[in-house]
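Below is one structure, written out as structure tokens, with a few remarks after it.
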Protein chains: 2
Amino acid sequence: MRQLCMPQGLSNDELSKLETLICSARSVHRGEALYRSGDRFDNIYAVRSGSMKTVMAHRDGREQVTGLRLAGEALGLDGISEDRHACSALALEDSTVCIVPYTALKSLCREIGSMQERLHKLLGEQIVREAAQMMVLGSLSADERVAAFLLDVSERNAQRGYSSAEFNLRMTREDMGSYLGMTLETVSRTLSRFQKRGLIDTQGKHIRIVDLDGLRQV
Amino acid sequence: MRQLCMPQGLSNDELSKLETLICSARSVHRGEALYRSGDRFDNIYAVRSGSMKTVMAHRDGREQVTGLRLAGEALGLDGISEDRHACSALALEDSTVCIVPYTALKSLCREIGSMQERLHKLLGEQIVREAAQMMVLGSLSADERVAAFLLDVSERNAQRGYSSAEFNLRMTREDMGSYLGMTLETVSRTLSRFQKRGLIDTQGKHIRIVDLDGLRQV
DNA sequence: CGGATCCTTGATCCCTCTCAAACTTAGTGG
DNA sequence: CCACTAAGTTTGAGAGGGATCAAGGATCCG
């Protein structure tokens with residue numbers, strides 16, 4: 001749980017202080033919202049188990065998936081700028097999150113330099129990740145997008161100590177398509193083609209990467 | 001210059017402290033880089049005059065414009081996560097920037113709560129802006145993308161006290177296309193069509209919005 | 001176990017890309 | 001200061017990647 005909630009760069013002593021902040025955990029059932037766009041921003045979260053997606057809505061009602069959060073990843077930073085959440089966070093499966101009250105975290109960041117550093121990095125990482133996703137959406141073909149997505153999930157799994165070759169993606173084809181700026185049919189066709197080419201092995205939401213290098217070269 | 005560099009929420013006294021940080025300004029000529037992807041991250045910047053674009057590169061060499069920064073806007077936050085810049089920042093015209101050393105800024109943020117708040121908001125705003133741009137790239141048609149872009153620039157001009165109806169966009173059609181995930185030809189055609197429909201009036205880089213509501217309804 | 005959701009695959013269409021060429025603007029050097 | 005040249009823009013014609021519409025099949029969860 002320590003390594004999940006806020007890894008890296010903190011001494012044990014400092015981690016203890018952080019843990020006093022984490023008032024509680026919360027469980028969110030599949031399909032339920034942890035928070036919704038427009039909700040007041042009070043906490044940031046760390047996914048403890050399960051996975052979540054973030055969704056942003058255009059004024060005309062169109063929605064797009066803007067992020068995927070696996071266990072160990074941070075959630076809720078979209079609320080900082082306006083004191084209200086700009087996205088909604090929905091559970092892709094029954095999940096639990098750690099709750100970190102933002103006001104208390106800010107205080108702690110003023111006391112402890114390494115804590116401040118960690119929060120800045122967290123914010124900076126999301127900025128870079130989103131910029132990279134802008135590249136995916138703006139410059140890559142459908143095949144390239146799907147490949148990039150699979151490689152991204154694979155790498156994030158590896159970082160968290162899970163298998164990089166095999167995982168369960170709880171997103172639907174529609175979620176993936178929304179995240180990648182394409183239709184669910186094109187996602188499905190692309191995965192089928194990857195399978196025929198021997199790059200992956202899929203059975204519904206279970207995905208196994210067979211030829212990592214091949215996928216990188218798509 | 002006060003209102004440009006770091007507006008909002010700071011007392012005069014605190015602003016003075018910030019100004020002691022801003023060691024210097026720097027001028028960047030049209031086409032030159034303020035920093036490049038991979039450069040060590042030492043400073044964040046505020047555009048004082050002119051305008052800049054940020055560009056990110058895929059490993060295969062493809063580049064995409066990931067951001068536009070007008071006078072008064074912040075720049076360089078892409079370096080926080082890795083201590084190296086993830087993007088390059090290039091001047092769209094001869095420009096000047098204020099230099100804010102990051103290490104010193106961090107110290108100041110630990111001393112002064114409102115300064116910490118301001119930096120967090122700055123980071124949070126970029127997160128939300130990029131998420132919104134992901135929506136533009138993933139969900140909107142070419143017409144909608146161009147309209148959304150023009151409205152965004154218009155609004156940012158208004159916020160900075162300039163005309164929301166008329167402005168000089170120093171980006172080329174190619175830059176716009178790259179930022180919006182389309183080709184320069186499609187950008188050009190779309191602008192021509194908008195002009196024929198009486199929504200805007202363009203002469204090269206000079207753009208006047210004729211029918212704001214019409215543009216919103218595209 | 002049964003209904004609803006999700007996935008796959010096919011056929012067709014259209015929006016945007018690509019390639020091409022002429023025109024305009026802006027920056028440079030004589 | 002003007003002419004020259006390179007860069008940027010506009011517009012057209014044709015092609016293609018991905019969207020849309022449709023239907024059958026699989027899977028999941030209550």
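The chains referred to below are lettered A, B, ... by the order of the sequence lines, with proteins before strands, and numbering in each begins at 1. Below, all heavy atoms of this structure are taken into account, side chains as well, without hydrogens, waters or symmetry copies.
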Review point. Which nucleotide sits closest to the side chain of A:Arg170: C:dA11, C:dG27, D:dC29?
Key: D:dC29
Review point. Starting at CZ of A:Arg193 and ending at C1' of D:dG18, how long is that distance when rounded to a whole Å?
Key: 10 Å
Review point. Is the centre of the B:Tyr162 ring less than 6.0 Å from the centre of the B:Phe167 ring?
Key: no
Exercise for review: Using atom CE of B:Met176 as one end and atom P of D:dG8 as the other, report the distance to the nearest whole Å.
Suggested key: 12 Å
Review point. Taking for each residue the nucleotide of DNA chain D with the nearest heavy atom, is it A:Ala142 or A:Gly204 whose nucleotide lies nearer the 5' end?
Key: A:Ala142
Check your understanding: Taking for each residue the nucleotide of DNA chain D with the nearest heavy atom, is it A:Met182 or A:Gln203 whose nucleotide lies nearer the 5' end?
Key -> A:Met182
**Study point:** Of the listed nucleotides C:dT8, C:dT9, C:dC17, the one nearest the side chain of B:Thr183
**Key:** C:dC17
Exercise for review: Enter the distance from A:Ser188:OG to A:Glu174:CD here, rounded to the nearest 0.5 Å.
Suggested key: 12.5 Å
Review point. Within this structure, what is the CD-to-C1' distance between B:Glu93 and D:dG8, rounded to whole angstrom?
Key: 16 Å
Review point. From the list C:dC17, C:dT8, D:dT9, which nucleotide is the closest neighbour of the side chain of A:Arg173?
Key: C:dT8
Review point. Side chains of A:Gln195 and A:Thr202: donor-acceptor distance under 3.5 Å anywhere?
Key: yes
Review point. What nucleotide among C:dC19, D:dT10, D:dC21 has an atom nearest to a side-chain atom of B:Glu185?
Key: C:dC19
Review point. Expressed in angstrom and rounded to an integer, what is the separation of A:Leu137 atom CG from D:dG18 atom C1'?
Key: 15 Å
Revision key, fill the gap. Separation of D:dA7 atom P from B:Arg30 atom CZ, nearest Å, is 11 Å
Check your understanding: When all nucleic acid strands are considered with a 4.0 Å heavy-atom cut-off, which category describes B:Gly181: base, sugar-phosphate, or nothing?
Key -> sugar-phosphate
Check your understanding: In whole angstrom, what separates B:Leu180's CG from C:dT16's C1'?
Key -> 14 Å
Point to revise | Nearest-nucleotide pick for B:Ser192, side chain only, options being C:dT9, D:dT10, D:dG8 | key: D:dT10
Review point. If you count the non-hydrogen atoms of other residues, nucleotides and ligands that lie under 6.0 Å from CD in B:Glu185, is the total more than 12?
Key: yes
Exercise for review: For C:dC7, take OP1 and OP2 only and decide whether either is under 4.0 Å from a side-chain N or O of A:Lys205.
Suggested key: yes
Exercise for review: Give a yes/no on whether any side-chain N or O of A:Thr186 is located under 4.0 angstrom from OP1 or OP2 of D:dG18.
Suggested key: no
Exercise for review: Please determine, for the side chain of A:Leu184, which listed nucleotide (C:dT8, D:dG18, C:dC7) has the closest atom?
Suggested key: C:dT8
**Study point:** Interatomic spacing from CG in B:Leu122 to NE2 in B:His120 - rounded to 0.5 Å
**Key:** 11.0 Å
Exercise for review: Could you state the atom-to-atom distance from CD of B:Glu174 to C1' of D:dT9 in whole Å?
Suggested key: 11 Å
Revision key, fill the gap. One should read off an interatomic distance between A:Ile207 CD1 and A:Leu191 CG, to the nearest 0.5 angstrom, of 5.5 Å
Check your understanding: Which sits closer to the 5' end of DNA chain C, A:Arg189 or B:Asp143, going by the nucleotide each is nearest to?
Key -> A:Arg189
Revision key, fill the gap. Of D:dT11, C:dC7, D:dT20, the nucleotide closest to the side chain of A:Ser188 is C:dC7
Exercise for review: Could you state the atom-to-atom distance from CE of A:Met171 to C1' of D:dT27 in whole Å?
Suggested key: 19 Å
